[in-house]
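Presented below is the structure to which this report refers.
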Amino acid sequence: MTTPDLTDVHPAWLPPEAFRAIGSRRTLVLGDGPLVETVRAEVAQACARYDGTVAAPGDEADLVLALTTATPLPPAAQALLDEPADAASGAATGAASGTASGAASGAASGAVGGLGDEGYVLARLGGVTVVLADAPAGLLYGLFHVVRLGEQAFGADRPARAHRPAMRRRMLDHWDNIDVHPVMGQVERGYSGGSIFWRDGAAAGDLTRVRAYARLLAATGVNAISVNNVNVHATEAHLLTDRLGDVAAIADAVRPYGIRVHLSVNFASPIALGGLATADPLDEDVRAWWAATTERVYATIPDFGGYVVKADSEGQPGPFAYGRTHADGANLLAGVLAPYGGVVHWRAFVYNHRQDWRDRSTDRARAAFDHFAPLDGQFHDNAIVQVKHGPLDFQTREPVSPVIAAMPATRLAVELQVTQEYTGQQRHVCYLAPMWREVLGFRPWGQDGPDVAALATGGQAVSRSLADGGRPADGGGLADGGGLVAVSNVGDDRYWTGHPLAQANLYAFGRLAWVPGLDPTALLDEWIGLTFAAGPDREALGRTLHEMMDGSWRTYERYTAPLGVGFMVRPGHHYGPDVDGYEYTPWGTYHFADRDGVGVDRTRATGTGYTGQYPQPWSEVYESLDTCPDELLLFFHHVPYGHVLQSGSTVIQHIYDTHFAGAEQAAQTRLRWEKAEGLVDPALWARVKERLDEQVRSAEEWRDQVNAYFFRKSGVPDAHGRRIH
Ligand code: GCW
């Protein structure tokens with residue numbers, strides 16, 4: 001197997017230069033199996049480029065990558081294997097730099113055994129860097145760890161450290177269509193050109209690109225992808241049956257990088273594809289159809305991951321049509337997947353999208369909890385309920401979804417959105433790791449309880465202690481977690497992600513799924529170090545990129561919808577400001593601004609009662625105006641414009657100040673990039689510059705529309721007399 005070579009595609013975080021440290025040394029790879037062959041091929045390619053050597057057993061080596069089962073091991077590897085377990089333990093951090101903090105769940109075990117299917121131990125002893133893994137995938141992840149370390153991997157001795165992924169499944173969902181959808185295009189919410197999988201009604205054909213993608217993902221730790229949109233249209237439904245060969249081809253392309261393929265399926269497939277009269281999940285013929293179909297899927301793709309289902313959501317069919325529950329629907333598919341070790345990801349994004357805006361009692365934010373929390377305990381073990389991280393829909397700022405704390409007896413996956421649907425659509429710089437870190441670090445039961453990352457990790461790490469008021473505590477007992485999932489931002493664009501700097505989001509997602517505690521700044525450092533491994537003045541470029549990106553999510557937040565209120569985007573394509581765009585529509589996303597005030601009353605006392613979906617302390621914290629965090633104030637409360645925030649500013653003055661500041665910061669970001677001309681490839685520089693021009697324009701538009709809107713509603717002038725139109 002050779003590693004993919006794409007001449008006209010940006011190498012993202014795996015440029016040849018990132019392999020220089022390995023490629024210029026002597027490396028011994030020991031073990032068998034397809035993934036070990038991938039490691040060998042990677043090493044051979046690096047050595048061919050940088051004059052290093054692929055060592056043979058018995059040769060001297062600077063780097064040993066070996067399965068623990070390989071014999072005989074060279075002395076350094078044997079010494080590591082013989083170390084007492086506690087010497088090789090230490091926190092299982094995937095951090096490449098010393099500044100990245102946070103440990104994966106569960107202490108690492110000793111070097112031998114206990115590393116699982118994907119873990120590895122890394123050490124440097126007596127001048128030899130050693131990676132040992134119990135299974136081939138671990139060796140692959142260990143190789144990429146050495147790549148991240150670069151020259152550092154070959155410096156001073158380093159104590160043995162075990163690394164294992166926090167999340168068992170680290171998955172990217174593609175919202176890619178086979179046919180170009182008349183409204184949504186080739187990729188729904190895609191901002192990076194076409195699909196790498198599909199083009200104009202057929203498979204894209206170019207599996208080199210798919211393989212290169214898999215390689216990039218493996219380097220971040222991702223191990224699963226779904227290859228089609230969760231809105232499964234007519235053509236795409238056939239991937240399950242007569243177009244399965246296309247899925248198998250993708251599975252073949254990504255398998256060498258430890259990635260399994262999943263498929264979004266249409267719940268009504270028994271009708272659409274099987275000719276049955278019903279898709280009722282309790283109907284025996286329906287079950288038999290799914291069982292036979294799934295058997296054929298596994299006969300074609302033995303390591304197939306499973307199904308992804310969006311049911312009874314935004315027009316997709318589901319069990320409601322038959323008076324059945326989401327658990328009935330999910331369990332039907334879980335049941336037919338179970339014999340093969342497959343899983344169903346059943347999405348919790350269920351709400352009424354035909355709401356009457358005049359009806360103030362219905363609250364879309366409540367919907368997922370209202371539908372799913374009562375079903376806790378009813379889902380089969382291989383049914384994963386996939387919950388968006390916030391209760392609405394990937395807004396710039398939302399509280400963490402209360403569903404995540406409400407289903408302790410269910411395997412939950414948390415869904416993030418790497419594609420920037422609501423965060424600038426890859427025209428704006430918006431580094432999302434800081435947002436995801438906040439989500440993953442949120443503790444639904446307060447400081448003493450587990451965080452969202454632990455809940456998604458599940459299993460051993462957390463349990464529910466009923467005696468403790470239903471609050472999970474450490475110790476075991478909770479259903480095994482469902483892992484972390486995100487909507488991919490990749491397309492067939494030269495830079496993969498449209499905006500070259502949006503690559504950092506994809507990179508950060510995989511790394512956070514492996515080590516949820518990683519610090520976003522350190523992660524950005526990793527990404528910069530790899531992506532821009534070659535070129536003049538790395539330090540100056542690194543400084544510039546940090547200045548542009550570290551705080552870019554907050555900058556974006558400043559010039560868009562204020563204080564957590566959400567949805568002020570243009571309906572349909574969701575780009576740019578339209579303050580009242582969704583105010584009188586059926587979608588259930590309102591801000592209720594009038595001349596006196598703004599915000600959604602979601603309190604128990606006087607509002608929709610949504611705050612009651614949280615456990616203590618958050619149900620109280622959010623309920624009270626005195627304690628609700630500023631950044632979520634308008635998500636939870638309707639307040640007058642003169643309401644004084646915890647920051648000391650009034651709501652109206654905060655809106656003006658942040659919008660002036662945000663647009664100004666966008667301009668600063670562009671200025672920084674202009675000064676960095678010459679530090680990166682000119683084509684990449686120009687692409688980013690062109691995007692920044694649009695970001696500055698758009699930020700000013702946001703500033704002016706939002707400020708004008710609230711000035712006209714409230715009649716309150718800006719305290720600083722700045723120009724409001
Ligand atoms: O964010 C919304 C998007 C839809 C998407 C939906 C979902 C795939 O606007 O385009 O549909 O969420 O998550 O299912």
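Every number for a ligand or one of its atoms is a count from 1 in the order of the listing. Values reported hereafter were calculated over all heavy atoms of this structure, with side chains retained and with hydrogens, waters and symmetry mates removed. The first residue of the sequence shown is numbered 1, and numbering continues consecutively from there. Note that the structure is predicted; figures quoted are calculated from it, not measured.
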* Which residue and heavy atom of the protein sit nearest atom 6 (C) of ligand 1, plus the separation -> E314 OE1, 3.4 Å

* **Closest approach of any protein heavy atom to atom 14 (O) of ligand 1, naming residue and atom** => K310 NZ, 2.6 Å

* To do: Select the closest option to atom 10 (O) of ligand 1 among M184, Q316, E188, judged by heavy-atom distance.
  => E188

* **Parallel, tilted or perpendicular: ring planes of W496 versus Y213, cut at 30 and 60 degrees** => parallel

* So, is R189 polar-close to ligand 1, with some N/O to N/O distance under 3.5 Å? -> yes

* Heavy-atom nearest neighbour in the protein, as seen from atom 9 (O) of ligand 1, with distance rounded to 0.1 Å -> E421 OE2, 2.6 Å

* Flag R347 as yes when one of its N or O atoms lies below 3.5 Å from any N or O atom of ligand 1, and as no otherwise. => yes

* Asked: Is E415 in polar range of ligand 1, meaning some N or O pair under 3.5 Å apart?
  -> no

* Asked: Under the salt bridge (charged side-chain N to carboxylate O under 4.0 Å, His left out) criterion, do R364 and D393 qualify, and how do the steps go?
  -> CA-CA 10 Å; R364 172 167 162 179; D393 192 8; 3.7 Å; yes

* Classify the angle between the aromatic ring planes of F394 and W175 as parallel (below 30°), tilted (30 to 60°) or perpendicular (above 60°). => tilted

* State, yes or no, whether a side-chain contact exists between E583 and W357 at a heavy-atom distance under 4.5 Å. => no

* Asked: Any idea which protein heavy atom is nearest atom 8 (C) of ligand 1, and the distance to it?
  -> N231 ND2, 3.3 Å

* Tell me which protein heavy atom sits closest to atom 2 (C) of ligand 1, plus the residue, atom name and distance to 0.1 Å. => D393 OD2, 3.0 Å

* Structure fact -> A student checking ligand 1 against F349 at a 4.0 Å heavy-atom cut-off should list atoms 6 (C), 7 (C), 12 (O), 13 (O), 14 (O)

* **For atom 12 (O) of ligand 1, closest protein heavy-atom neighbour** => K388 NZ, 3.0 Å

* Quick one: CG on D492 to OG on S192, what's the gap to the nearest 0.5 Å? -> 9.0 Å

* Structure fact -> Of all heavy-atom pairs linking H345 and A413, the shortest is CD2-CB, 4.4 Å

* To do: List the steps and the verdict of salt bridge (charged side-chain N to carboxylate O under 4.0 Å, His left out) for E694 and R691.
  => CA-CA 5 Å; E694 165 55 18; R691 306 265 151 158; over 6 Å; no

* Under 3.5 Å: donor-acceptor pair, side chain of Y431, backbone of P520 -> yes

* Asked: What are the atoms of ligand 1, with element, lying closer than 4.0 Å to any heavy atom of V230?
  -> 8 (C), 14 (O)

* To do: Start with the C-alpha distance between E421 and R570, add both sets of side-chain angles, then the distance that settles salt bridge (charged side-chain N to carboxylate O under 4.0 Å, His left out), and finish with yes or no.
  => CA-CA 11 Å; E421 176 177 2; R570 267 286 129 97; over 6 Å; no

* Structure fact -> Note: N229, heavy atoms under 4.0 Å from ligand 1, region reported as side chain

